[in-house]
Structure formats: structure tokens, C-alpha cells
Amino acid sequence: QSALTQPPSASGSPGQSVAISCTGTSSDVGAYNYVSWYQQHPGKAPKFIIYEVSNRPSGVPDRFSGSKSGNTASLTVSGLQAEDEADYYCSSYAGSSNWVFGGGTKLTVL
Amino acid sequence: QVQLVQSGAEVKKPGASVKVPCKASGYSFSSYAMHWVRQAPGQRLEWMGWINAGNGNTKYSQRFQGRVTITRDTFASTAYMEMSSLRSEDTAVYYCARELGGKGAFDYWGQGTLVTVSS
């Protein structure tokens, strides 16, 4: 499978909202509600922040939200904080016991 | 608490093999799938494959089929990822990640093992 498509970068000022898109195909993002999102700080392992498109694990602030329309999923970070500066990756189940990740988006808090 | 602990960094020569362990604790090992994900320096996460820790069934990304073998030792609560015929492009951090039961997401990750392939 090809990687899901994410914008390489996104930015926003503290307190603002920013949305990161994740575009796949009708065989992955569009076919299943198994889209998840991960936050990765430099030198650290990824941390999962959204599963099944829009569900937040316990402990993840409600500033993080997810949605999906057709073949594109989105992660929105509201009320940006300095600690939100990180790389963000989407992932989707792609059928036949396969998974695929996105190319990653570097979020900068200005 | 759930923990996935991986081994330290490895340096391998081209053509060699590497076997990376991932020791799980804090949960019933056989009840969850374990996935392997790699990340080359400065690059994206790349899904490699997974194992059903209960019955040992595996599935690999086509990109790694034939070169990667994922196994598990239920008594030791440890999953392993072995890669053969290493080349310089395989230099990366290799992560194990537990799948959140039936939700298609990876809820706990190991700390990663850097594998460097260099002559």
C-alpha cells in the first residue's frame, strides 16, 4: 500500500486551532473506521491520541479531536499549546490484515 | 501498568540478520496482537507486520514479505522481529506496538531499538 497523504507541515499560534488532514483511498480510510492518530516528540516513541476516527483514549485532552469524510480523515488541535509542537501521524486499517501510516505532519506552535 | 521493553541499539553489517525482542508486562500477553513499525532517520512511520500473540498467526507488509519474521514466546511474554539480508536502507528505529483490542490502533509502544547497518 502507498502511504496516506498528510501535509508536511502545519502551524498555529497559541490558543488557535489547527487541522491536519490524512487522505487515503476507498480501500483504507474510506472503507474502515479504524483511523488512528499518533503524536511523536523528537527522539520519543509515538503516543496514540485518537482511535476509531474520533475516540480519545483516557488521559488525552479534549483539545484533540478527530473526524472523517469519505477518504479523508482529520485531526484538529484546539487551543494550541507549546507542548503540542510535535510530529503527527495518521494510520488506517487497509484490509486483509494490513495497516498503513501517513507521511507525517510537523506541527509548529508559533 | 502495561510496558513494552525493547533491547538496546544494534550495529550490523550488510547482509547480516538482526532479531529484536520486545518484552511485554502488565497485561495478558496472549490476548493482544503485537505489531512492528519502523522509522528511518527523519522519515515516516512504516508498518511492517503483526502477530496474533495467542495463536502465532502473522501477516507482513508486502514490502517486507520474505525478509521479516515475527515470532513470539508466550512463556516469556516476548515478541520478536527478525530481519535478514540487511542493507543500509534498513537503518532505522524499530518499534513494537500493542494493538488496542479490535480497534485497529496501537495503544502502547516500546521505546524503540535503533538498528544501524553499516560496513
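Note that these values count all heavy atoms, side chains included, but never hydrogens, waters or copies made by symmetry. Proteins come first, then strands; the chains are lettered A, B, ... in the order of their sequence lines, and each starts at number 1.
- Cluster annotation: Val68(B) is not connected to Val37(B) through the hydrophobic network of ILVMFWY side chains, with a link wherever side-chain heavy atoms come within less than 4.5 Å.
- By the 4.5 Å heavy-atom criterion applied to side chains, Glu46(B) and Phe101(A) are not counted as neighbours.
- The neighbour count for Gln62(B) CD, taken as heavy atoms of other residues, nucleotides or ligands under 6.0 Å away, does not exceed 12.
- Residue-level contacts of residues 85-103 of chain B with chain A, in order of numbering, are Tyr95(B), Glu99(B), Leu100(B), Gly102(B), Lys103(B); threshold 4.5 Å between heavy atoms.
- Hydrophobic clustering places Tyr27(B) together with Trp36(B) (ILVMFWY residues linked when any side-chain heavy atoms are closer than 4.5 Å, directly or through intermediates).
- Heavy atoms of Tyr108(B) lying under 4.5 Å from chain A are absent altogether.
- Taking every heavy atom of both residues into account, Ala105(B) and Tyr51(A) meet most closely at CB-CB, 3.6 Å.
- With chain B as the partner, the residue from Ser92(A), Ala45(A), Ser97(A), Ser36(A) showing the most heavy-atom pairs under 4.5 Å is Ser97(A).
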Let's go through Phe48(A) and Trp109(B) carefully: what are the C-alpha distance in whole Å and the side-chain angles of both, what is the deciding distance for ring-ring contact (aromatic ring centres under 6.0 Å, His included) to 0.1 Å, and is it a yes or a no?
CA-CA 9 Å; Phe48(A) 106 118; Trp109(B) 294 66; 9.3 Å; no
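- Rounded to the nearest 0.5 Å, atoms CH2 (Trp50(B)) and CG (Asn98(A)) are 10.0 Å apart.
- Ring planes of Phe106(B) and Trp99(A): tilted class, angle from 30 to 60°.
- One hydrophobic cluster, built from ILVMFWY side chains closer than 4.5 Å, cannot hold both Met81(B) and Leu114(B); they sit in different ones.
- There is no path of hydrophobic side-chain contacts, each under 4.5 Å, that joins Tyr89(A) to Ile20(A).
- No chain of hydrophobic side-chain contacts below 4.5 Å, direct or via other Ile, Leu, Val, Met, Phe, Trp or Tyr residues, connects Tyr38(A) to Val109(A).
- Taken to the nearest 0.5 Å, the CD atom of Gln40(A) stands 4.0 Å off from the CD atom of Gln39(B).
- Here the closest non-hydrogen pair linking Gly103(A) and Arg44(B) is O-CB, 3.6 Å.
- Looking at Pro57(A) and Asp107(B), their side chains never come closer than 4.5 Å, going by heavy atoms from C-beta outward.
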